[in-house]
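Quantities reported herein were computed from a predicted structural model and do not represent experimental measurements. Both ligands and their constituent atoms are indexed starting at 1 by order of listing.
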Amino acid sequence: MKRSPEFQHSVRQYINGRWETGVTTGRSINPSDLRETVAEYARADRNQTDLAVRAAADALRAWSLTTPQRRADALDQIGSEILARRDELGLLLAREEGKTLPEAVAEAARAGQIFKFFAGEALRVGGESIASLRPGVHVDVSREPVGVVALIAPWNLPLAIPAWKIAPALACGNALVFKPSELVPACGWALADIISRAALPAGTFNLVMGSGREVGQALAEHPLVDAVSFTGSAANGQRVLLATAARRAKVQLEMGGKNPLVVLADADLELAVDCAVQGAYFSTGQRCTASSRLIVEAPVHDAFVARLKQRIASLKVGHALEPGVDIGPVADGRQLQKNLDAIAAAGEEGAEHVWGGEQLQRPSEGHYLSPALFLAKPAHRIAREEVFGPVACVLRADDADHALALANDTPFGLCAGICTNSLRHAMHFRRHARVGMTMVNLPTAGIDYHVPFGGRKASSYGPREQGRHAAGFYSILKTGYLRA
Ligand code: TXE
């Protein structure tokens, strides 16, 4: 069903198979048009969060004993509905988070494909059989669900990130409580609405919305929550880590990035500029894999900067639903201020301003920011701290070794890219970049859903997300010895 862009959702929590009002209500606002409320949503407190966790704990046995076929059918049904409604869900996403409509529809489709992928994985949750050291003894290793899992999601990929947490959790037989970000409750609700039609046992899937400090923290601390998967800021990831470690719960954290894209002198410069534009500025730069550090070898530095400046000057910033717009608004006022502060600090520290970084007026009042580019030194904050907006800097490298050293000179370690026509340089970079993912002649952002996602150092903690390796987090190994 196609909704008019002005449609306002009124969304409730989903606890123990029922739609529940909250203790208070909140609103999500369209960042392309601040006059438009996208959703009024029910906000939970600690008590309601506790009810959701208890519902999951009660449902766990029933769901964990379902057959793989039953789980696969449910996930397949969810994936099919998301795919069939990708345009409508994309429209909601674009209105609530501010991605351009084509980006948002693609994300909705991605969420559907992820459920389909894990429908297949539900059939393949396997183990191994191994010869024992002792005669007459048989050993096997099997996977069991972790138990009750809490899934805490951010706003920047409001359909895809919940999908890549919820789908493997259900495929592996867990019961769960999902908490979306306060900025995108309607996207969280839309997923819950679709999942509610999959006839899971009541309590298997629960949605609670509300403040991270209250609801998120309550989930991380709850004694009945066996595992927490969190994506968000490093500071809140640290809070979740402390709360879960204190009671020895399993934890998986995906936090920020300051991803380098290295451009060597032998690179195809047009391709390198393309990678930089896509990686740094598309999705308004609000991706943990965004290429916010462009490290360019001296011989091509000036030519690269000139071409990049020309390209970003031609990018169209505007309302997420307007055809032809390349960059939608920043997601909210707090995030916009964070971008503006980083831009101001770059100027104060002596980074050379190349282009953009100004607030823009558009026919509707929104959080519009022109794509910003600076020439920086490695010590500048703009080259070290995650901005999470359409803001990038260029660092000059003397040679390939210097470029690699600069690429690794960061507390983060999510993704690193290189543009080069040399196989030797590409392979060396792949081996020595201290990150979880590398890209050659590709933007750092833009990943496949059937392979592991995650990083090192301050970017990630715990087992990888996505693909078949997701089972490493959402299940527990049990070793069985048997003498017949
Ligand atoms: O993240 P938060 P925000 C980074 C990015 C951005 C910054 C702030 O740099 O500028 O984080 O974004 C919940 N216990 N990333 O404020 O607050 C919260 O309700 C448990 C990188 O949105 O960390 C939400 O559901 N949960 C990132 C989720 O955590 C808590 C994507 C993330 O929100 C909590 C988004 C607590 N104490 C932002 N406090 C990425 N890696 O992709 C909050 N939450």
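Relative to atom 6 (C) of ligand 1, the option among Q286, E385, K338 with the closest non-hydrogen atom is K338. By heavy-atom distance, the residue among P154, A153, A218 lying nearest atom 24 (C) of ligand 1 is A153. Evaluated by nearest non-hydrogen atom to atom 5 (C) of ligand 1, the leading choice among F230, F178, F388, F412 is F388.
Considering only non-hydrogen protein atoms, atom 19 (O) of ligand 1 sits nearest to E182 OE1, 2.7 Å. Regarding atom 40 (C) of ligand 1, its nearest protein heavy-atom neighbour is C288 CB, 3.5 Å. W155 NE1, 3.7 Å is the protein heavy atom nearest to atom 12 (O) of ligand 1. The protein heavy atom nearest to atom 17 (O) of ligand 1 is N236 ND2, 2.9 Å. The protein heavy-atom contact nearest to atom 16 (O) of ligand 1 is R334 NH2, 2.7 Å. The closest protein non-hydrogen atom to atom 13 (C) of ligand 1 is I152 CG2, 3.6 Å. Of all protein heavy atoms, the one closest to atom 44 (N) of ligand 1 is G212 CA, 3.3 Å. The closest protein non-hydrogen atom to atom 11 (O) of ligand 1 is S233 CB, 3.0 Å.
Side-chain contact between E254 and I161 is absent, with no heavy atoms from C-beta onward closer than 4.5 Å. No side-chain heavy atom of M255 sits less than 4.5 Å from a side-chain heavy atom of C288. Between V440 and R430, the closest side-chain pair of non-hydrogen atoms is not below 4.5 Å.
Classification of the F205-F178 ring pair by plane angle, with boundaries at 30° and 60°, yields tilted. Using cut-offs of 30° and 60° on the angle between ring planes, the pair W155 and F388 is perpendicular.
Contact atoms of ligand 1 toward G232: 15 (N), 21 (C), 23 (O), 27 (C), 32 (C), 41 (N) (distance under 4.0 Å to a heavy atom of the residue). Of all atoms in ligand 1, listed by their number and element, those nearer than 4.0 Å to a heavy atom of Q335 are 6 (C), 10 (O). Residue E386 has at least one heavy-atom neighbour below 4.0 Å for each of these atoms of ligand 1: 4 (C), 5 (C), 9 (O). Near M255, meaning under 4.0 Å from one of its heavy atoms, ligand 1 places the atoms 40 (C), 41 (N). Below 4.0 Å from some heavy atom of E254 lie the following atoms of ligand 1, by number and element: 41 (N). The atoms of ligand 1 that sit less than 4.0 Å from any heavy atom of V240 are 14 (N), 20 (C). Close approach to Q217 involves these atoms of ligand 1, each under 4.0 Å from a residue heavy atom: 14 (N), 20 (C), 36 (C), 37 (N).
For ligand 1, none of its N or O atoms has an N or O atom of T231 under 3.5 Å away. Between R239 and ligand 1, no N or O atom pair is found at a separation short of 3.5 Å.
Ligand 1 has at least one atom lying under 4.0 Å from a heavy atom of P180. Ligand 1 lies out of reach of R287, whose nearest heavy atom is not under 4.0 Å from it.
Side-chain polar atoms of Q252 and S229 form a donor-acceptor pair below 3.5 angstrom. Of the N and O atoms on the side chains of T21 and R12, not one donor lies less than 3.5 Å from an acceptor on the other residue.
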Report task. Could you give me the CA-CA distance, side-chain angles and deciding distance for Q337 and D341, then say whether side chain to side chain donor-acceptor pair (under 3.5 Å) is met? Result -> CA-CA 6 Å; Q337 193 53 52; D341 290 348; 2.9 Å; yes

Report task. Run the numbers on D33 and R362 for salt bridge (charged side-chain N to carboxylate O under 4.0 Å, His left out), then give the verdict. Result -> CA-CA 9 Å; D33 184 347; R362 290 292 177 262; over 6 Å; no

Report task. Start with the C-alpha distance between R43 and Y41, add both sets of side-chain angles, then the distance that settles side chain to side chain donor-acceptor pair (under 3.5 Å), and finish with yes or no. Result -> CA-CA 6 Å; R43 287 169 67 88; Y41 70 99; 2.7 Å; yes

Requested in this report: Show your reasoning for whether side chain to side chain donor-acceptor pair (under 3.5 Å) applies to D50 and H222.
Outcome: CA-CA 8 Å; D50 178 62; H222 203 294; 2.6 Å; yes

Query raised in the report: When you look at T100 and E103, which way does the side chain to side chain donor-acceptor pair (under 3.5 Å) test go after all the steps?
Result: CA-CA 5 Å; T100 66; E103 289 174 328; 3.2 Å; yes

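Around CZ of R46, the count of heavy atoms belonging to other residues, nucleotides or ligands within 6.0 Å exceeds 12.
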